[in-house]
Each structure stands twice: as C-alpha cells, then as structure tokens.
Amino acid sequence: MCSKSFTFFILLFLLTFAGIPAKTQEDSCDLQISLLTCSPGTELYSTFGHSALRVTDRQTGTDIIYNYGTFDFYDPAFLLKFTRGQLLYYLDQQDFGGFLRDYMMENRSVREQVLALDCSEKKAIREALFVNMQEENKRYRYDFLFDNCTTRLRELILKKSGTTYTTGKVIPFQGATFRNHIHYYLDNNQQYWSKLGIDILLGSKMDREMTNDEAMFLPDYLEKGIDSSRSANVNLVLKKNVLFERNSNQNNSGSFFSRPVFLFSLFAIFVLLAGLSKRPSAIKFTAGIDFAIFFLNGLLGCFLLFMWYGTDHNTTQNNFNIIWALPIHIVMAFAVRKNSNAARKYFLFIAIINLVLLISWLILPQQLNIALIPWVMIAAWRSWIISKNLLHN
C-alpha cells in the first residue's frame, strides 16, 4: 500500500509540474473569456455583424456580455450628432442568456472563441472592462473604420492581455480596400440602394489599401485574426463553439429590376428618347427634367460639401462625387432655359467635365458606384444640349 501511494504521489507530481502544458493549468482559473462573433442581420445597421466579449466567472456564477456598440437612440439630438459624427457610443453589459435570446430571435448565428489566456491575463482584461464601465470612462467617439465596437475588442484582447501575439493574414486579397470590405457585405445582404448611398457619401479615404490590423474592423475578420493569433506556437484560441446556428432558409433572389443601375439606365433611356422629340410638349417636359437633374445634383453637392467640411467624419472628406454633383448646380438649374452667354459656357463646361469623368471612371483614386454611370451620362448629354440650345436662341 505504501509503495503504491508513493508511486501515485510521484506520478501526480510529474503530471502537475512537468508533463502538462502551461495552458492546461488555466482550467483551475475561475474566469473564462470568450470573443463572440454574431452573423449579419437583414437590416442595414446589422449588415456587418457584431462582436462582443463574454466573461464567465464560475466563482460568482455570473455570465456577462460586454458590448462596445451601444448608443442612446432616444437622445433628443441623436440625428444631429449622428450626422455630424459626434454621436458617443458606450460600453454596456448584458446577461448572456438575454444576449443569446436576442440574436436567436433575429436568426443570427453566434460563434464563440474561448481564449487561451492565463489567470493574470484574464483578470487584467476583466479589470480593464470594469474601468471602462465606469461612468466617466464608458463613452467614446465612434469611428466606423478605426474605433468601433470590434476594434475596441481587438485592442483589448491583443494589447491588454500582456502577451505578444503574431496574427496571420486575414486580408481577403492583395490590395483590398475598406470599400471592398463593406461592398461584400452590402451585396451579400442585397443592400444595393444603401450601397449607392454609402458610395456617394464616403470619399476616397475608403479606397486606401488596408493593413492586416485595419482589416479587422469588421467582426468576421476579427474572428479570423484571433483564430490565427499565436504566441510561442501556442494558439490564442483554446476552443470554438457554435452557440446558435441561423436558419439559412431564406429568399436571396433579389430582383435586378429594382436595383439602382437598372432604374437609372431606364431613366437615361427615357430622357434620351424624350429629348430627341421635337414636339413642344416634349421640349417643355425635358426642360423640367433638366431642371430636376441639376437641382438635385446641386442639392446633393451641398450636402456632400457639408459632410466634407462641416462634420467630424474623416471618411466623408476628399469625395470625388463632388465632380458631378457640384453645389453650384442648385443655382444654375434655374438657368437651363435662360438665354445668356454665361449659362451657355457653364453647361458646355459641365458637359466636358462629366465626359472626362466618365472616361476616367476606372482610374480615379476613388471607386464610384457603377449605378451612377447612366446618371452622369444623361447629365453630360443634357448639358451639351442645353449649351447648344442657348447658343441658337
């Protein structure tokens, strides 16, 4: 009996201090920290998915979700702050059960990556969350690309844990830009009109090539980055769980006939045919169309100018859409039928500018939405016609 007890003791000693890898000892820690990645939803706000951090404490029996993507929708100045890029987001917490039920109701998958951290690292992350939850620390100025609910978790996990990790390549292809990234999700969710609006609103900064770290501003790519992170050949991810799998039985066959590129092309053909008619009613009708096109372009140009200089949004600056949506159009729209030399020269200049824009479409520093091609074509053609008509009046 004594000999067996001694042998058992030696075996237990070796297993405890010599034979078990360092990460296995983490099982004795009461804390477990996981990165949760939620799949995209059907609404625009949920198109890009979501990230959150789960902290489970076996000692206290708590299971808490920490979420950096919360804002006060009921703020009386919500719309103004949102438009000007001054809306504050904040860190919030929620019981895991309620969090999971919300995503199950929205039919959005929830995937978990349990992080292989030692006790001191887990406690450091939890302490950082406690500090950020304090009223004076919880709010931050949201930036869609560089400081959002996903990038905050990336910084927390990779920078606050105390260990240096090497992250594998997550960029989908060489030369990928921020716009490429968001286009994939907008197309996949059939958000073609939202894609058009975003492409009009966001300037050339979206077309800069991303670094590997910057690519992780979206939840799916943070998940890939964390999954590929290693320190001394030890994976950052201890294990992975699918907490809820969405039901994929849904109709993804969006109609081509409702997309902007089709409707704008149809409009361009209609205006072209109307403009070829010599009937007085058709001439009067196209004059109204001319006014509408240039007034709307000018109105949009004023808004783009405001977003460029009047807000804190960095991504709305350096916007090449201002070339076809010049703010001065809002004034010159009233001159489409005025017999003046200045108006004739103006519309001739606009015709040339729009033609140059169309020729250089694919080599611009900013990727313009393809649905705008027929719109710019019709604006160029009508500018030419207006300048000719004013010349002969």
Any donor-acceptor pair under 3.5 Å from [X] side chain to [Y] backbone:
X	Y	answer
N189	G41	yes
S340	A343	yes
S277	R279	yes
Q366	M206	no
E214	T211	yes
N137	V131	yes
R154	D213	yes
S39	S109	yes
H181	A215	yes
N369	I198	no

With a 4.5 Å heavy-atom cut-off, do [X] and [Y] have their side chains touching?
X	Y	value
Y142	L87	no
W361	I373	yes
I157	L222	no
Y192	V261	no
I125	L156	yes
F173	N180	yes

Please give me the minimum heavy-atom distance between F320 and L368, naming the atom from each residue.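 Nearest heavy atoms, F320 then L368: CB-CD2, 4.4 Å.
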
Shortest non-hydrogen contact between F257 and L263, atoms and distance: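 What the structure gives for the nearest pair is O-CD2, 3.5 Å.
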
Is [X] salt-bridged to [Y], going by a charged N under 4.0 Å from an acidic O?
X	Y	result
D102	R108	no
E106	R246	no
K240	E112	no
D72	K81	no
R126	D57	yes

Among N321, I323, T316, whose side-chain contact (heavy atoms from CB on, under 4.5 Å) with N319 holds?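 Passing option: N321.
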
Any side-chain donor-acceptor pair under 3.5 Å between [X] and [Y]?
X	Y	result
S204	D207	no
S228	T167	no
N67	H50	yes

Both conditions, 6.0 Å and 45 degrees, for the charged tip of [X] above the ring of [Y]: are they met here?
X	Y	answer
R54	F96	yes
R139	Y90	yes
K224	Y221	yes
R141	Y89	no

Decide if the gap between the ring center of F144 and the ring center of F48 is smaller than 6.0 angstrom.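 Judged by ring-centre distance (under 6.0 Å), F144 and F48 do meet the cut-off.
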
For this output row, return yes or no: ring centroids of F267 and W375 closer than 6.0 angstrom.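 Ring-ring flag for F267/W375: true, centres closer than 6.0 Å.
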
Might you work through the side chain to side chain contact (heavy atoms under 4.5 Å, CB included) test for T151 and M216, ending with a clear yes or no? CA-CA 7 Å; T151 62; M216 290 184 276; over 6 Å; no

Could you go through L300 and L296, starting from their C-alpha distance and side-chain angles, then the distance that decides it, and tell me whether this counts as side chain to side chain contact (heavy atoms under 4.5 Å, CB included)? CA-CA 6 Å; L300 178 60; L296 289 175; over 6 Å; no

Where at least one partner belongs to residues 84-95, residue pairs that pass salt bridge (Lys or Arg N to Asp or Glu O under 4.0 Å), sequence neighbours excluded: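 Residue pairs passing salt bridge (Lys or Arg N to Asp or Glu O under 4.0 Å), neighbours aside: none found.
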
